[in-house]
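What follows is a set of notes on a single structure, which appears directly below.
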Amino acid sequence: MLDEPTQAALRLCVHALRASTPQRTFTPALHLGTLGGEHVTLALDDDLLAADVGLRSDLAVELAQRAAAITDRPAAWLTRMGWPQPHDLDVAWLPVVRRGLAELGLVAACAVVVTKNGWYDPFGGGP
């Protein structure tokens with residue numbers, strides 16, 4: 001279970017996504033860094049959505065290296081459409097991001113999904 005400050009930051013991420021993305025459909029994105037602060041983002045366009053696990057892993061390591069320059073315990077969050085419940089996109093990207101961080105000797109502060117309707121932790125079962 002995530003601690004209270006992380007949960008509060010995730011609620012703010014949900015609010016920020018709603019405020020910054022007025023359209024109903026939008027490109028999913030992967031973010032690594034500080035929740036509500038400095039982070040790096042990778043937009044998951046159609047080509048990346050179809051990427052195999054090798055390419056996803058390479059991209060995850062690259063993002064993790066950039067995030068390591070921001071914080072020594074980066075958060076990872078996937079923003080996408082839909083409800084905060086399991087989705088194929090979560091399974092495709094979040095485990096490889098955690099693995100990419102581990103390759104660099106880093107542990108994610110969290111690895112979660114954020115939608116306009118809420119957030120959830122696919123690894124810890126929360127919110």
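Heads up: numbering here begins at 1 and tracks the sequence.
Note on Val61 and Trp77: separate hydrophobic clusters, where clusters join Ile, Leu, Val, Met, Phe, Trp and Tyr whose side-chain heavy atoms are under 4.5 Å apart, directly or indirectly. Hydrophobic clustering (ILVMFWY, side-chain heavy atoms < 4.5 Å, transitive): Val53 and Leu78 are in one cluster. Residue Val97 is not grouped with residue Val107 when hydrophobic side chains (ILVMFWY) are merged at heavy-atom distances under 4.5 angstrom, including chains of intermediate members. Phe123 and Leu89 end up in the same hydrophobic cluster when Ile, Leu, Val, Met, Phe, Trp and Tyr side chains are linked at under 4.5 Å. Grouping the Ile, Leu, Val, Met, Phe, Trp and Tyr side chains by contacts below 4.5 angstrom, directly or via other members, places Trp119 apart from Val91.
Looking at every heavy atom in both residues, Val96 comes nearest to Ser57 through CG1-OG, 3.9 Å. Minimum heavy-atom separation, Ala51 to Leu55: CB-CD2, 3.6 Å. Between Gly82 and Asn117, the closest heavy-atom pair is O-ND2, 3.0 Å. The two residues Ala109 and Leu2 come nearest to each other via the heavy atoms O-CD2, 4.2 Å. Across Gly118 and Pro84, no two heavy atoms sit closer than the pair C-CB, 3.8 Å. Contact record, Ala64 with Leu101: CB-CD2, 3.6 Å, taken as the closest heavy-atom pair.
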For residues 37-46, tabulate all N or O donor-acceptor pairs below 3.5 Å that involve a side-chain atom, not counting sequence neighbours.
residue: His39; atom: ND1; partner: Gly37; partner atom: O; Å: 2.8
residue: His39; atom: NE2; partner: Thr41; partner atom: OG1; Å: 3.4
residue: Thr41; atom: OG1; partner: His31; partner atom: ND1; Å: 2.9
residue: Asp45; atom: OD1; partner: Asp47; partner atom: N; Å: 3.2
residue: Asp45; atom: OD1; partner: Leu48; partner atom: N; Å: 3.0

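For the atom pair His15 NE2 and Leu12 CG, the distance stands at 7.5 Å (nearest 0.5 Å). For the atom pair Phe26 CZ and Lys116 NZ, the distance stands at 5.5 Å (nearest 0.5 Å). Considering OG1 of Thr115 and CD of Gln85, their distance stands at 9.0 Å, rounded to 0.5 Å. Taking CZ of Arg11 as the start and CG of Leu35 as the end, the distance is 12.0 Å to the nearest 0.5 Å. Interatomic distance, Arg73 CZ to Leu106 CG, rounded to the nearest 0.5 Å: 10.5 Å.
Partner of Arg80 under the side chain to side chain contact (heavy atoms under 4.5 Å, CB included) criterion, chosen from Leu30, Asp90, Leu17, Thr27: Asp90.
By the 4.0 Å N-to-carboxylate-O rule, Arg99 lies too far from Glu103 to be salt-bridged with it.
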Intermediate values then yes/no, side chain to side chain contact (heavy atoms under 4.5 Å, CB included), Met1 and Gln7: CA-CA 9 Å; Met1 195 65 164; Gln7 290 183 38; 4.2 Å; yes
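The side-chain heavy atoms of Asp121 and Cys110, taken from C-beta on, include no pair separated by under 4.5 Å. Using a 4.5 Å cut-off on side-chain heavy atoms (C-beta onward), Cys13 and Val112 make no contact.
Under a 3.5 Å cut-off, the side chain of Arg98 and the backbone N or O of Ala108 do not form any donor-acceptor pair.
Each ring-ring contact (aromatic ring centres under 6.0 Å, His included) pair with one or both residues in residues 86-112, not counting sequence neighbours, would appear here, but there are none.
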